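Here's the structure, in structure tokens; my notes come after.
As the structure is a computational prediction, the values presented were derived from the model and not from experiment. Convention: sequence-line order gives letters A, B, ...; per-chain numbering from 1.
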Protein chains: 2
Amino acid sequence: MQAPAGTSSITNVAAKANVSIATVSRVLSGKRTKDDDIARRVRAAAEELNYSVNYAASSLRSDTSNTIGLIIPSATDPLSAHLLDELEPTIDVDSQQLLLGIGQTQEIQEERIESLAARNVDGLIIVAASGVDLAATLERYAQHMPIVQVGGRQRSFRTSMVSIDDNAAMEMSIRHLASCGARSVAYLAGNNVSFESAELFAMFHTQVRSYALFTSSEWNKFGEASVQRGFHCTMNLFGNADALDRSDPATAFLRRPEALVCCDDTVAFGAMVALDAMGLSVPDDVRIIGSGDSPLAMTTMPQLTSIRPPVEQIVAESLRLIAAGSHSPAHITLPPQLVVRGSTQV
Amino acid sequence: MQAPAGTSSITNVAAKANVSIATVSRVLSGKRTKDDDIARRVRAAAEELNYSVNYAASSLRSDTSNTIGLIIPSATDPLSAHLLDELEPTIDVDSQQLLLGIGQTQEIQEERIESLAARNVDGLIIVAASGVDLAATLERYAQHMPIVQVGGRQRSFRTSMVSIDDNAAMEMSIRHLASCGARSVAYLAGNNVSFESAELFAMFHTQVRSYALFTSSEWNKFGEASVQRGFHCTMNLFGNADALDRSDPATAFLRRPEALVCCDDTVAFGAMVALDAMGLSVPDDVRIIGSGDSPLAMTTMPQLTSIRPPVEQIVAESLRLIAAGSHSPAHITLPPQLVVRGSTQV
DNA sequence: TTGTATGCGTTATCAG
DNA sequence: CTGATAACGCATACAA
């Protein structure tokens, strides 16, 4: 029967191994290189007593909490959920732990930053909620702990930033659509309050021109990321085009898009439902690209081509920057991956 | 300019307020009732110095970490995500923090339990991954900290349990379908390796009989929770029934179900796509009920009726049990809610 | 009610 | 490399 953790302290281990507590501390924390009889005795004693360090004491003395903080807007936010799933197993290997804060608003996110800073986390990773600017608050803490912002645009020279290259994603998307034979394309863009959406909207037009595709100002709308929005936008786009098509099939692609770029997978789902309802075929009549690579993207018919955020690299880079400390902030931009599936290819 | 947290300790506050550190500690921790000049001076000094307690020291001294642990199988698991979003703001109000562990397998979940126990969390909430039995591991720690298991079936008299009354959900579902005019019903059940699925399968049949509905053993299948599974099962169920229907419309409901109960919303999504593809109408021809009340349930056409887990109550009860301590474990079963939407009602 | 003094378990320092 | 000891910041028993 094992003794429960917390029952025994370093003193018990020291006694059992016939060494001083200092030696036990050194052996178990790896600050002692040799692997002689003493080291073995200490490890054996610790094992037998089921000893594990008291983190409170360790943290108090060494001023490092073996804890990293993560702040996200919501666990139902796909990017945040993926980050969580990727981050947790990655950090736990070297016996660190994850302290989580969740908040959608500027006020709550700032509150969480302060809470986690008060906990003396060894590093802080933040996914800012849409429309929230944390630069001022973060700068106040940047000298005391490494801070990594994931996504977003606010630039600070005191905090690190790991962001996703959405422009590259747009380029990849348009290039792919062109190579699939699409001659015209529409963009169901994100919410227009955000600067990012506007920038992507411009990038869309740049790339469309660059690949000599056609688009129309009437096709491209800002809006929320929901299935319903995708459905309604698509119904409006294609709803009364059928009659026109018959007039001249050769120029039909000028009256309705042969491809849809969606700001989000859910929008793409709605679009696919609408196209199905109108008897249009994906990908033969219309090619569709989503964004986020949600698990559901693989479960539609056909499966949805989607932009996958580089979560593994984001996590790896964030942890690297945190390990590097707060005195070497860096701004890193990572390209996402275009996962090609049936919605753009036969 | 505010001084960053962690710069000043209780000693600084005591000096500035002209009192002893003991008094500061008592005032700030609320163990001193009066609100006289001393209390005001202390609070003012703390505010001015932007003081916040050193949790490591506090934890070491008082043997309580002001931290509660949560272990979930994955952040992309809908129930876990909802739990996170509900739990985090609820606990943070009294300045506790959330330590998160994620693991899909027995081994990893046990590892997380041990890690969090070593961190001396004030309480542990666990969503066991499907097919994982943590009873043995949990019992080892149950005397040292309050443990609440959410969902699942393993019963232990040392740990608390808050579970969802799936049987009640099934009863509500079948009753609702009967009241909507369905005469026959099929069940796209969950994975058959789990005891819960088998029990629910039995409950389905009991309720179907109780409401005098018809079902067929060929209709009801175990399977995974995915859109594709829902799609294929539904295609098989209805695919070749059209020809038969014309033979005798009065008994058509014996050859194909007029309602579908799905173990998961994703399965229901797949079923809706399949029905749409076959030209069958929801809810006129077939009524559909999902489970989980995922955000996407509101974005289908028509919107999906679904079983919503009582997340708010789960969180409230879990925290109550943790506050009550480890010496009063309880088993609580909470009824879910049937959210009626367009997929079962016109 | 207030202040003084002790100890929580660990790591850092320093002398051997 | 090892051991003895100080110090981390706080909460609390105890004395005033």
Value in whole Å for how far the [atom2] atom of [N] lies from [atom1] of [X]:
X	N	atom1	atom2	result
B/Y55	D/dC10	OH	C1'	13 Å
B/N66	D/dC10	CG	C1'	12 Å
A/I10	D/dG3	CD1	P	12 Å
A/N18	D/dG3	CG	C1'	13 Å
B/L28	C/dT2	CG	P	13 Å
B/D37	C/dT2	CG	P	11 Å
B/R119	C/dG9	CZ	P	17 Å

A/Y51 side, atom OH; A/T11 side, atom OG1 - distance, nearest 0.5 Å: 8.5 Å
Protein-nucleotides 4-8 of chain D N/O pairs under 3.5 Å:
| residue | atom | partner | partner atom | Å |
| --- | --- | --- | --- | --- |
| D/dA7 | N3 | A/R61 | NE | 2.8 |

Carboxylate-amine/guanidinium contact A/R41 A/D37, below 4.0 Å: yes
Closest listed nucleotide, where the reference is the side chain of A/T23 and the choices are C/dG3, C/dT11, D/dG3: D/dG3
Sugar-phosphate only, base, or nothing, as touched by A/Y51 at under 4.0 Å among non-hydrogen atoms: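 The residue A/Y51 makes sugar-phosphate contact but no base contact.
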Distance-only donor-acceptor check, side chains A/N120 and A/S65, under 3.5 Å: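 A/S65 and A/N120 do not have a side-chain donor-acceptor pair below 3.5 Å.
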Short side-chain donor-acceptor distance under 3.5 Å, A/S74 and B/D85: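 A pair is found: one side chain offers a donor N or O, the other an acceptor, under 3.5 Å apart.
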Single hit among B/I113, B/L99, B/V148, B/L70 for side chain to side chain contact (heavy atoms under 4.5 Å, CB included) with B/L124: B/I113
Non-hydrogen side-chain atoms of A/I71 and A/V127 separated by less than 4.5 Å: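 Result no, sub-4.5 Å side-chain heavy-atom pair not found.
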First of A/T11 and B/I38 reached from the 5' end of DNA chain C, by closest nucleotide: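 Residue closer to the 5' terminus by nearest nucleotide: B/I38.
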